[in-house]
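So the structure is just underneath, and the comments pick up after that.
Start at 1 and go down the list; that is how both ligands and their atoms are numbered. Values reported hereafter were calculated over all heavy atoms of this structure, with side chains retained and with hydrogens, waters and symmetry mates removed.
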Amino acid sequence: MTSLTARIAALLDGRTDRPRRIAVVGAGVLGLTTAWALARRGHAVTVLDAGPIPNPEGSSFDEGRIIRHAYGTMEGYAAMMPAAFTAWRALFAETGADRLVPARAIYALREETPWQGAVARSQARHGLGFTAVDPATIPVLNPDGVIRAMEVAGSGMLLAAPILADLVALLPSLGVVLRPCSVVAACPEGGPVLADGTRIPADATLVAAGAGVLRLMPEAARRFGLRASLQTVAYLEPPPGLWEDAPMLLCRLPGHPTGGVYVLPPRAGTRLKIGDYDTSATVSPDAPRDPPRAGRVAALLHAGARAIAGFGAHRVMGARHCLYTMAPEDRFVLQPVAAGVTLASACSGHGFKLAPLMALGLAAGVEGQVTAEHLAFWASGREGEASAATASA
Ligand SMILES: Cc1cc2nc3c(=O)[nH]c(=O)nc-3n(C[C@H](O)[C@H](O)[C@H](O)COP(=O)(O)OP(=O)(O)OC[C@H]3O[C@@H](n4cnc5c(N)ncnc54)[C@H](O)[C@@H]3O)c2cc1C
C-alpha cells in the first residue's frame with residue numbers, strides 16, 4: 001500500500017478531536033460514503049440531494065457494479081484497490097450486510113495491448129492470480145477472434161442499489177441529516193445555498209454532485225475538464241441454467257463502434273446486464289434519457305452478440321441510458337474550488353468501487369491530515385503510479 005493511501009485508510013480507526021460541520025452536496029455513492037466516513041469520525045454532516053435519496057436518476061443507481069484489482073496501465077489505482085476493499089468491508093460490517101458478491105472476471109482479449117503486462121505486474125504485487133484460461137471452458141463466451149482469455153482473481157460485483165439503501169438506513173444513526181433539496185450555490189462562504197434561499201451552515205462543503213456539477217459549477221467543471229456522457233445498458237433474460245456459474249466478461253472489440261462490452265452475470269437477485277464502452281457522446285446532465293436511443297441500443301446488442309455465445313437465445317428485458325461523468329484520463333478529481341469547498345468527482349467507469357476510499361481521502365482533507373494538493377494528486381492515481389513504476393523497474 002502506498003504511503004498516502006495507508007495514511008488515508010488509517011482514518012477508518014479513531015475519531016477527530018476537532019469536529020466540524022460538513023455539508024455534502026449529492027447523495028450518490030460518493031456523497032453517502034463521504035457522509036459515512038466523516039460521521040463515524042465525529043463530524044456533523046448534512047447531505048443534500050436535488051432528487052430523492054437515493055436518487056434512481058443518479059449514476060450510482062443500478063443493480064450491480066464491478067469491483068476488481070485489475071486496472072490496466074493505471075497502476076496507481078490498482079495500488080489503491082486493497083485499501084478500497086478494506087474500506088468496503090468496514091462499511092459492510094457497520095451496515096450489517098455484505099454486498100460484495102465474489103465473481104470470476106474473464107477478460108477476452110482480441111488484440112495485444114500494454115494492458116496485459118500492467119495487470120500481470122499489479123496482480124503479482126498483490127499476490128493475486130492472473131491466469132490464462134481456455135476460452136472453450138467458458139460456455140457463455142463467444143470465442144470468435146479471441147486470442148487469449150485471462151482470469152483476474154480478486155474480482156466481484158457490488159450490489160449498488162442495496163448499498164445505497166443500506167447507507168440511507170445507517171447514516172441517521174450516525175447523526176447524519178439527509179435532506180432532499182437542490183443546492184443552487186455551493187461556494188458561498190459559510191455554507192451552500194438551497195433553491196428556497198436557505199443557507200446550510202457549514203465549515204466545509206464537499207460537492208459530490210455527479211454530472212450535476214456541470215450545472216452547479218460550470219466554471220470549475222470546465223477547469224477540470226469534466227463532461228457528461230451517456231452510457232447504455234441492457235438487461236437480459238438468459239436461457240435457463242446457462243449463466244449460473246458463469247463469470248463476468250470484459251470484452252474489448254477492436255473496431256466496433258461501441259468499443260466492446262462488459263457483462264455482469266445474474267447474481268444475488270440481479271439480472272444479467274451488458275453495457276458498452278462508448279463514451280463518445282457528450283450530453284447535458286439534463287438530456288432526456290427516455291426513451292433510450294434506438295441506435296445506441298442496437299449497437300450495444302450487436303456488440304453483445306459478438307461477445308456472448310448463443311446471444312440470440314437471450315431475451316432483452318429492457319435497456320436504459322445512464323450518465324457517466326468523464327474526466328481527463330479517467331482520473332478522479334478531488335480539487336479545492338473555493339475557501340472550504342472541495343469538488344469531488346467520481347469519474348467514469350470506476351467511481352463506485354473506489355468511493356469509500358475516496359470518501360476517507362475527503363475526510364483526511366477536511367481534517368487537515370493531507371494538504372489539498374496532496375489529496376488531488378493522490379485521487380488522480382498518480383502517487384501509486386510513481387511507486388508502481390519504481391517497483392517494476
Ligand atoms: C452504466 C454505468 C456503469 C458503471 N459501472 C461501474 C463499475 O462497474 N464499477 C465502478 O466502480 N463504477 C462504475 N460506474 C461509475 C460509478 O457508478 C459512478 O462513477 C459513481 O456512481 C458516481 O457516483 P457519484 O456519487 O459521484 O454521482 P451520482 O451517483 O450521480 O450522485 C450525484 C448526486 O448529486 C445530486 N445532485 C446533482 N446536482 C445537485 C444539486 N445542485 N444539488 C443537490 N444535489 C445534486 C444528484 O441528484 C445525484 O443524486 C458506472 C457508471 C455507469 C453510469
Hey, does Asn55 come in under 3.5 Å of ligand 1, counting only N/O atoms on both sides? yes

Please assess Phe377 against His374 for the test ring pair (Phe, Tyr, Trp, His ring centres under 6.0 Å), listing each intermediate value before the final yes or no. CA-CA 5 Å; Phe377 179 67; His374 274 130; 7.5 Å; no

Under 6.0 Å from the six-membered ring centre of Phe92 and within 45° of its axis: does the NZ or CZ of Arg99 meet both? no

Interfacing atoms of ligand 1 (cut-off 4.0 Å, heavy-atom, Gly26): 33 (C), 34 (O), 35 (C)

So between Asp49, Thr232, Leu194, Leu354, whose heavy atom ends up nearest atom 33 (C) of ligand 1? Asp49

Give the atom numbers and elements of ligand 1 that come within less than 4.0 Å of a heavy atom of Leu30. 25 (O), 26 (O)

Can you name the atoms of ligand 1, numbered from 1 with element, that are less than 4.0 Å from a heavy atom of Gly212? 37 (C), 38 (N)

Where does Ile66 meet ligand 1, judged by heavy-atom distances below 4.0 Å: at the side chain, the backbone, both, or neither? both

Are any of the N/O atoms on Lys353, whether in the backbone or the side chain, positioned under 3.5 angstrom from an N/O atom of ligand 1? yes

Parallel, tilted or perpendicular: ring planes of His350 versus Phe332, cut at 30 and 60 degrees: tilted

Under 4.0 Å between heavy atoms, the region of Leu48 that gets near ligand 1 turns out to be backbone

Protein heavy-atom partner closest to atom 31 (O) of ligand 1 - residue, atom, separation in Å: Gly28 CA, 3.4 Å

Regarding Thr73 and Trp115, is there a side-chain donor-to-acceptor distance under 3.5 Å anywhere? no

Heavy-atom nearest pair, Ser280 first then Asp278, reads OG-OD1, 2.5 Å

Please work out, at 4.0 Å between heavy atoms, whether the side chain, the backbone, both, or neither of Val213 comes within that distance of ligand 1. neither

Do we get Arg40 above Trp36's six-membered ring, with its NZ or CZ under 6.0 Å from the centre and within 45° of the axis? yes

For ligand 1, which atoms, with element, lie under 4.0 Å from some heavy atom of Val25? 42 (N), 43 (C)

Atom 12 (N) of ligand 1: nearest protein contact (heavy atom, Å): Gly349 O, 2.8 Å

Is ligand 1 less than 4.0 angstrom away from at least one heavy atom of Leu323? yes

Provide, to 0.1 Å, the distance between atom 15 (C) of ligand 1 and the closest protein heavy atom, together with that atom's residue and name. Ser348 O, 3.0 Å

Mark up the atoms of ligand 1 that fall under 4.0 Å of a heavy atom belonging to His350, in ascending order. 10 (C), 11 (O), 12 (N)

Numbering as shown, the atoms of ligand 1 that approach Ala208 to under 4.0 Å (heavy-atom distance): 32 (C), 34 (O)

Heavy-atom count check: over 12 atoms from other residues, nucleotides or ligands less than 6.0 Å from Glu373 CD? no

Does a donor on one side chain and an acceptor on the other come within less than 3.5 Å for Gln231 and Ser229? yes

Ligand 1 and Ala346, any nitrogen or oxygen pair closer than 3.5 angstrom? yes

In the protein, what heavy atom is nearest to atom 30 (O) of ligand 1, and what distance, to one decimal place, separates them? Ser59 N, 2.9 Å

Which is closest to atom 32 (C) of ligand 1 by heavy-atom distance: Ala209, Ala327, Gly351? Ala209

Only heavy atoms of Tyr262, strictly under 4.0 Å: list the atoms of ligand 1 that pass. 1 (C), 3 (C)

If you count the atoms of ligand 1 from 1 in the order shown, which ones are under 4.0 Å from a heavy atom of Val233? 1 (C)

Val29 N/O to ligand 1 N/O under 3.5 Å: yes

Ligand 1 to Gly58 polar contact by distance, N or O atoms, under 3.5 Å: no

Quick test: of every protein heavy atom, which one is nearest to atom 42 (N) of ligand 1, and how far off is it to 0.1 Å? Val183 N, 2.9 Å

Out of Val45, Asp49, Val168, Leu167, which one pairs with Leu178 under the side chain to side chain contact (heavy atoms under 4.5 Å, CB included) rule? Val168

Short N/O distance, under 3.5 Å, between Gln231 and ligand 1? no

Testing Leu48, Val24, Thr46, Val341 one by one against Pro192 for a side chain to side chain contact (heavy atoms under 4.5 Å, CB included), which residue passes? Leu48

Can you report which non-hydrogen protein atom sits closest to atom 27 (O) of ligand 1, along with the distance? Gly210 CA, 3.6 Å

With side chains defined as the heavy atoms from C-beta onward, is the minimum distance between Val140 and Pro247 less than 4.5 Å? yes

Does Arg267 come within less than 4.0 Å of Glu244, counting only side-chain N to carboxylate O? no

Test item: Val263 and Ile308 side chains (from C-beta on) under 4.5 Å apart, heavy atoms: yes

Can we say Glu75 and Arg121 salt-bridge, meaning some charged N sits less than 4.0 Å from an Asp/Glu carboxylate O? yes

Side chain to side chain donor-acceptor pair (under 3.5 Å) for Arg223 and Gln335? Distances and angles first, verdict last. CA-CA 11 Å; Arg223 181 152 33 108; Gln335 289 278 1; over 6 Å; no

Candidates Leu30, Thr33, Leu158 - the one meeting side chain to side chain contact (heavy atoms under 4.5 Å, CB included) with Phe352: Leu158

Shortest reach to atom 24 (P) of ligand 1 by a heavy atom, considering only Pro54, Ser60, Ser229: Ser60

Looking only at protein heavy atoms, identify the closest one to atom 51 (C) of ligand 1 and say how far it is in Å. Tyr324 CE1, 3.2 Å

Among Ala50, Ala84, Pro56, Pro192, closest by any non-hydrogen atom to atom 44 (N) of ligand 1: Ala50

Run the salt bridge (Lys or Arg N to Asp or Glu O under 4.0 Å) test against Arg65 and tell me which residues pass, sequence neighbours left out. Asp62

Shortest non-hydrogen separation from Pro56 to Arg320 and the atoms involved: O-NH1, 4.2 Å

Can you tell me the protein heavy atom closest to atom 14 (N) of ligand 1 and the distance? Arg65 NE, 3.6 Å

Ligand 1 contact on Phe352 by region, counting heavy-atom pairs under 4.0 Å: both

At a non-hydrogen distance cut-off of under 4.0 Å, which region of Cys181 contacts ligand 1 (side chain, backbone, both, or neither)? backbone

